[in-house]
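Please read the structure below before turning to the comments.
Worth saying up front: this structure is predicted, and the values here are computed from it rather than measured.
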Amino acid sequence: MAIRTYIEDGKKLYEVYVNGADSRGVRNQRKRRGIETLRKAETVEFELMRELATLKEGRSMYRWTEWFDECMKRMKLEFMPSTIAGYESQLRKWIHPHWSDTDLNKITKADVYDVIFTKCENVQTQFTRRNILKMVKRIFQLAVEEGVLDRNPCAGISVRVTETVLKVLTVAEVDIFLREASRAYHRFYPVWAMALMTGMRSGELFALKWTDIDLDGRTVSVSKSWNSKIGITPTKTRRSRIVPVSNDLARFLKERKLKYGTEEFVLPRLSEWEHGDQARVTRDFCEGLGITSVKFHDLRATFITSLLARGESLARVMSIVGHSELKTTNGYLRKAGVDVQGGTDKLGYKLPNESQGEVLSIVGRTKS
């Protein structure tokens, strides 16, 4: 705190300067100039000190970037590093430039709408736009849960996207795919075989060790995943699960263990896989065979829809593939057509039987 004098246009004036920290430890400064008397300067100093004391005792409002940083600290305890990296890259690029110094409680629903649909006009896809909105909504929701805000300004705002067509291989195509990959000794054959027989995610397969497989108990324990940026991590849902081993898979694993059982990992360390090119390799191989052009992750979708189409229960499939929400598995259920199967058998009308009579012969009349 200080009261200083200075000369301006030949006249003696006073300047008051005070500083202090608010309830979160953030430094705040206050300054007033042009005060004509010392007594007035002392009064101004007292008022500014009282203002800072109020900030220290009470709860001051976070600015957007301050609350964002606080959320990232908290979310690191709960979410995967890749998820945190997504928040950091997307929101710093698209949101921070517009709200960096704005108090959290000053951001309105109209502001959210403007940023998502106008300021982010260069966002390439509606999927990205929807994800940005989802992240922003999460940041505000944390503020509501912590009592920083009374309401979430994102409430009622949504981004409509066209549902993507889920690509899967048919049973006949899977037979062709695996048979030709095996015949060609394709480097990805063991990886593709495991994906189609377990429904495991790419990172989970990459992290799979022989110690995770119980051939006597016919189970695969899935508790880890692998990420090219940070290495071994927990699974996507941070939950472990057990995948049952079928007869075909048991035979495949036993044969592979005889050859590679001394190695740490079950599957080969392929450079394309390590660099994230497994989708391209899978698609190119399918196109070369003339079957549905699917990407690597679609092999998981093929596994799920194949089980559902053959009557496996929704709950059991969720458990095997590690879905944490029913709506995720339901999407595959629609693709498999299980929920509508037989739905047209109860129609009250039929097509006419076009073969009601039998034509024995047609004799042509000859001209005389």
Take Glu70 and Glu146 through the side-chain contact (heavy atoms from CB on, under 4.5 Å) test and state the conclusion after the steps.
-> CA-CA 11 Å; Glu70 179 66 24; Glu146 292 296 323; over 6 Å; no
So, does Thr305 use its side chain to make a donor-acceptor pair with the main chain of Thr302 at under 3.5 Å?
-> yes
Do Met194 and Leu253 come close enough that some side-chain heavy atom pair is under 4.5 Å?
-> yes
Side-chain donor or acceptor of Arg310 paired with backbone N/O of Ser306 under 3.5 Å = yes
How far apart are the closest heavy atoms of Arg187 and Leu270, and which atoms are they?
-> O-CD1, 3.5 Å
Return the set of residues passing ring-ring contact (aromatic ring centres under 6.0 Å, His included) with Phe285 (not counting sequence neighbours), or none when no residue passes.
-> Phe177, His186, Trp192
Audit row: Val168, Thr292, side-chain contact (heavy atoms from CB on, under 4.5 Å) steps and yes/no = CA-CA 7 Å; Val168 297; Thr292 302; over 6 Å; no
Check the pair Trp273, Ser202 against side chain to side chain donor-acceptor pair (under 3.5 Å), reporting the backbone distance first and the verdict last.
-> CA-CA 9 Å; Trp273 199 8; Ser202 174; 2.9 Å; yes
Side chains of Val148 and Met61: does their closest heavy-atom pair fall under 4.5 Å?
-> yes
Decide whether Gln126 and Arg129 meet the rule of one side-chain donor and one side-chain acceptor closer than 3.5 Å.
-> yes
Would you confirm whether Asp111, through its side chain, and Thr108, through its main-chain N or O, come within 3.5 Å as a donor-acceptor pair?
-> yes
Go through the steps for Ser240 and Thr235 under the test side-chain contact (heavy atoms from CB on, under 4.5 Å), then give the verdict.
-> CA-CA 7 Å; Ser240 344; Thr235 62; over 6 Å; no
Distance (rounded to the nearest 0.5 Å) between Thr43 OG1 and Leu38 CG = 9.5 Å
Above 12 or not: heavy atoms from other molecules or residues under 6.0 Å from CZ of Arg74?
-> yes
Set of salt bridge (Lys or Arg N to Asp or Glu O under 4.0 Å) partners for Glu173, sequence neighbours left out | none
Side chain to side chain contact (heavy atoms under 4.5 Å, CB included) involving Arg283 - partner list, sequence neighbours excluded | Arg280, Glu287, Ser293, Lys295
Arg238 side-chain N/O to Phe79 backbone N/O, donor-acceptor pair under 3.5 Å | yes
Side chains of Leu299 and Phe303 in contact at under 4.5 Å (non-hydrogen atoms) | no
What pairs with Asp212 under salt bridge (Lys or Arg N to Asp or Glu O under 4.0 Å), at least two apart in sequence or on another chain?
-> Lys224
In the hydrophobic cluster built from side-chain contacts under 4.5 Å, what are the other members alongside Leu13?
-> Tyr6
What pairs with Thr219 under side chain to side chain contact (heavy atoms under 4.5 Å, CB included), at least two apart in sequence or on another chain?
-> Asp214, Ile242
Using atom types as modelled and distance alone, determine if a side-chain donor or acceptor of Arg30 lies under 3.5 Å from a backbone N or O of Met49.
-> no
Taking atom NZ of Lys137 as the centre, report whether more than 12 heavy atoms of other residues, nucleotides or ligands fall under 6.0 Å from it.
-> yes
Report yes or no: does Trp64 contribute a side-chain atom to a donor-acceptor pair with the main-chain N or O of His98 at less than 3.5 Å?
-> no
Check whether any side-chain N or O of Asn152 sits under 3.5 Å from a backbone N or O of Cys154 as a donor-acceptor pair, and report yes or no.
-> yes
Ser225: side chain to side chain contact (heavy atoms under 4.5 Å, CB included) partners, not counting sequence neighbours = Glu204, Thr233
Kindly compute the distance separating NZ (Lys254) from CG (Leu249), expressed to the nearest 0.5 Å.
-> 11.0 Å
Could you tell me whether Arg183 and Glu180 make a salt bridge, using a distance below 4.0 angstrom between a side-chain N and a carboxylate O?
-> yes
Ring pair (Phe, Tyr, Trp, His ring centres under 6.0 Å) pairs touching residues 224-254, sequence neighbours excluded, are Phe206-Trp226
Over 12 non-hydrogen atoms of neighbours within 6.0 angstrom of CD in Glu36 = no
Phe46 atom CZ, neighbour heavy-atom count above 12 within 6.0 Å = no
Check whether any side-chain N or O of Arg201 sits under 3.5 Å from a backbone N or O of Gly199 as a donor-acceptor pair, and report yes or no.
-> no
Search all heavy atoms of Leu104 against all heavy atoms of Phe140 and return the closest pair with its distance.
-> CD1-CE2, 3.9 Å
With sequence neighbours excluded, residues passing salt bridge (Lys or Arg N to Asp or Glu O under 4.0 Å) with Arg179 = none
Minimum side-chain heavy-atom gap Lys257-Leu215 below 4.5 Å | yes
Step by step, work out the side-chain contact (heavy atoms from CB on, under 4.5 Å) result for Trp94 and Lys119.
-> CA-CA 8 Å; Trp94 297 108; Lys119 299 293 197 311; over 6 Å; no
Does Ile95 belong to the same Ile/Leu/Val/Met/Phe/Trp/Tyr cluster as Met75, with side-chain heavy atoms less than 4.5 Å apart forming each link?
-> yes
Any side-chain heavy-atom pair of Leu205 and Thr198 under 4.5 Å | yes
Check: Val321 main-chain N/O paired with Arg300 side-chain donor or acceptor under 3.5 Å = yes
Which residue pairs pass the salt bridge (charged side-chain N to carboxylate O under 4.0 Å, His left out) test when at least one of the two sits in residues 77-91, sequence neighbours left out?
-> Glu88-Arg92
Is Met200 close to Arg241 at the side-chain level, that is, under 4.5 Å between some pair of heavy atoms?
-> yes
For the side chain of Lys109 and the backbone of Ala155, is there at least one donor-acceptor N/O pair under 3.5 Å apart?
-> yes
Where do Leu196 and Leu178 come nearest, in terms of heavy atoms and distance?
-> CD1-CD2, 3.7 Å
Hey, does Leu169 have a side-chain heavy atom less than 4.5 Å from the side chain of Asp298?
-> no
With a 4.5 Å limit on heavy-atom distance, are the side chains of Phe296 and Val281 in contact?
-> no
Going from CG on Asp284 to CZ on Phe188, what distance comes out if it is rounded to the nearest 0.5 angstrom?
-> 11.0 Å
Taking NZ, NE, NH1 and NH2 as the nitrogens, is one of them in Glu47 or Arg32 under 4.0 Å from a carboxylate oxygen of the other?
-> no
Looking at residues at least two apart in the chain, or sitting in another chain, which of them share a side chain to side chain contact (heavy atoms under 4.5 Å, CB included) with Thr37?
-> Arg39, Lys40
Using a cut-off of 6.0 Å, state whether more than 12 heavy atoms not belonging to Glu145 lie near its atom CD.
-> yes
Those residues that, when tested against Arg251, pass salt bridge (Lys or Arg N to Asp or Glu O under 4.0 Å) (two or more places apart) | Asp248, Glu255
